[in-house]
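Values in this document were obtained by computation on a predicted structure and should not be read as measured data. The analysis underlying the following values was restricted to heavy atoms, covering all of them including side chains, and did not include hydrogens, waters or symmetry mates. Lettering of chains follows the sequences in order, A, B, ..., and the numbering in each one begins at 1.
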Protein chains: 2
Amino acid sequence: MTPRESTTAPAPAAIGLLLADDHPVVRAGLRAVLETEPDFEVVADVPTAEEAVERAARPDVDVVLMDLQFGGRMLGSQATAAITARAGAPHVLVLTTFDTDADILAAIEAGATGYLLKDAPPEELAAAVRAAAAGKSALAPTIALRLMDRMRAPAAALSRRETEVLQLVADGLSNAAISKQLFLSQATVKSHLVHIYAKLGVDSRTAAVAAATARGLIRR
Amino acid sequence: MTPRESTTAPAPAAIGLLLADDHPVVRAGLRAVLETEPDFEVVADVPTAEEAVERAARPDVDVVLMDLQFGGRMLGSQATAAITARAGAPHVLVLTTFDTDADILAAIEAGATGYLLKDAPPEELAAAVRAAAAGKSALAPTIALRLMDRMRAPAAALSRRETEVLQLVADGLSNAAISKQLFLSQATVKSHLVHIYAKLGVDSRTAAVAAATARGLIRR
DNA sequence: TCCGGCATCCACCTTTTGATTGATGCCGGT
DNA sequence: ACCGGCATCAATCAAAAGGTGGATGCCGGA
């Protein structure tokens with residue numbers, strides 16, 4: 001399915017939607033679901049993050065439905081940041097399959113107005129789009145819960161470097177290999193790991209990987 | 001979106017399709033994409049694996065498009081097995097987001113006729129459905145490649161017990177904890193691990209977890 | 001300006017893991 | 001009946017990882 005432009009004249013009060021997802025089936029599904037709403041107007045759908053950034057610049061777009069994982073290089077979160085950085089930018093509603101902390105935080109930091117899971121029922125989807133169009137934030141219940149948990153917990157946020165080290169641990173590297181890869185001494189790697197263990201409440205590298213994966217701090 | 005039955009009379013030579021996916025958006029998308037083909041007739045779509053098994057028993061279903069991961073308890077692979085076990089059963093085309101070895105093998109063992117990724121372009125999808133209707137197997141190129149690799153490689157299949165041990169390792173347990181959990185001595189756990197490392201071509205527990213995860217041998 | 005978090009490093013010691021070798025019993029297929 | 005794979009256990013040694021207790025320099029906010 002190639003990007004498609006609507007040829008019908010937009011109704012005056014319609015909310016203009018841009019769909020960005022690399023799955024043709026999902027684009028078609030969103031289009032089918034959203035077009036049943038009389039006040040929605042899907043003005044275009046695009047298969048890449050780059051095209052989304054480009055197309056979102058046009059004034060007929062009020063809300064962008066953005067996938068987070070594209071097959072290509074640019075991430076949905078980067079595209080979101082690029083779109084929301086402009087003045088008078090449309091609101092971005094992130095719509096993704098996964099609900100890992102890392103993804104959610106990246107999207108919110110990038111300026112997303114809402115965050116929904118793809119398994120959301122159509123009514124929830126429509127409600128979120130209307131909320132986004134009005135500039136109100138909309139979070140899926142699952143996501144909201146997760147964020148609550150996160151706030152409640154003493155925030156086990158890892159520093160940039162710690163995350164980097166832990167990711168390499170998850171990739172199966174030894175401390176020696178990690179130290180070479182990051183141009184550090186093994187002492188430093190160990191030191192980072194000690195801090196990571198403390199923050200995650202574990203006492204071994206495998207347990208740290210399990211905990212971080214469960215909390216979405218690193219990619220699997 | 002609730003399950004929907006078509007009210008139009010089926011065209012004589014049409015291929016009857018049953019869509020099974022827990023995402024409303026995906027069901028709508030598949031419906032939209034497949035209904036553009038004149039020789040396809042979507043006779044129903046269902047949101048659960050259980051309903052898929054039930055509905056597939058009706059004679060108007062020629063091909064079932066089956067998701068592998070449902071929110072609920074029954075797995076797509078189990079539903080596939082249940083459907084294909086019956087005489088005169090429709091062909092099942094597995095359609096999923098992921099391409100892990102474990103998923104693929106489970107689907108093939110369950111009797112799936114084909115295996116496609118959800119990001120497949122509509123033409124590929126239609127071609128696969130026609131192939132499935134004719135009883136011919138259809139694999140996405142990515143999947144086919146992966147299977148080739150798997151055949152070529154010395155088959156790193158782990159035994160039941162080994163998989164069990166490795167899963168606990170991935171959950172972050174120490175050898176001592178694993179031995180208690182499985183009522184083994186630590187010596188046995190170590191022995192299993194040695195075999196696992198050899199099969200996976202690695203030399204540490206974290207690397208084994210990384211390798212097994214990459215090959216879909218254990219659940220993340 | 002001072003403090004705290006971050007990132008970097010060192011030394012010493014303990015515990016866990018991995019490598020090697022070898023042994024037993026069970027089960028399924030030829 | 002035999003062989004091979006699997007699961008089970010043991011002992012020993014070497015290597016890697018974890019625990020403790022430091023130290024330094026940088027940077028940004030109170």
NZ/NE/NH1/NH2 to OD/OE distance under 4.0 Å, [X] and [Y]:
{"X": "Lys118(B)", "Y": "Asp22(A)", "result": "no"}
{"X": "Arg55(A)", "Y": "Asp45(A)", "result": "no"}
{"X": "Arg27(A)", "Y": "Asp21(A)", "result": "no"}

Which one, [options], comes nearest to the side chain of [X]?
{"X": "Leu184(A)", "options": "dA19(C), dA7(C), dT8(C)", "value": "dT8(C)"}
{"X": "His192(A)", "options": "dG18(D), dG18(C), dA7(C)", "value": "dA7(C)"}
{"X": "Thr188(A)", "options": "dT17(C), dA7(D), dC9(C)", "value": "dC9(C)"}
{"X": "Tyr197(B)", "options": "dA19(C), dG18(D), dT8(D)", "value": "dA19(C)"}
{"X": "Ser185(A)", "options": "dA10(D), dC10(C), dA17(D)", "value": "dC10(C)"}
{"X": "Lys190(B)", "options": "dA7(D), dC9(C), dA19(C)", "value": "dA19(C)"}
{"X": "Leu193(A)", "options": "dG18(D), dG18(C), dC6(D)", "value": "dG18(D)"}

Any side-chain N or O of [X] below 4.0 angstrom from OP1/OP2 of [N]?
{"X": "His195(B)", "N": "dC6(D)", "value": "no"}
{"X": "Arg161(B)", "N": "dG5(D)", "value": "no"}
{"X": "Arg160(B)", "N": "dC6(D)", "value": "no"}
{"X": "Ser204(B)", "N": "dA16(D)", "value": "no"}

Is [Y] close to [X] at the side-chain level, that is, under 4.5 Å between some pair of heavy atoms?
{"X": "Leu17(B)", "Y": "Val43(B)", "value": "no"}
{"X": "Ile83(B)", "Y": "Met66(B)", "value": "yes"}
{"X": "Thr48(B)", "Y": "Glu51(B)", "value": "yes"}

Which whole-number value in Å describes the distance from [X] [atom1] to [N] [atom2]?
{"X": "Arg205(A)", "N": "dT16(C)", "atom1": "CZ", "atom2": "C1'", "result": "12 Å"}
{"X": "Leu166(B)", "N": "dA7(D)", "atom1": "CG", "atom2": "P", "result": "13 Å"}
{"X": "Glu162(B)", "N": "dT8(D)", "atom1": "CD", "atom2": "P", "result": "10 Å"}
{"X": "Leu173(B)", "N": "dT17(C)", "atom1": "CG", "atom2": "P", "result": "10 Å"}
{"X": "Asp203(A)", "N": "dT16(C)", "atom1": "CG", "atom2": "C1'", "result": "11 Å"}
{"X": "Asn175(A)", "N": "dC9(C)", "atom1": "CG", "atom2": "P", "result": "14 Å"}
{"X": "Ile196(A)", "N": "dG5(C)", "atom1": "CD1", "atom2": "C1'", "result": "15 Å"}
{"X": "Ile178(B)", "N": "dT8(D)", "atom1": "CD1", "atom2": "C1'", "result": "16 Å"}

Side-chain-base donor-acceptor pair under 3.5 Å for Ser191(A) and dC9(C):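 Checked by distance alone, the answer is yes.
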By nearest nucleotide on DNA chain D, pick out whichever of Ser159(B) and Gln186(B) is the more 5' one.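 Its nearest nucleotide lies further toward 5', so the answer is Ser159(B).
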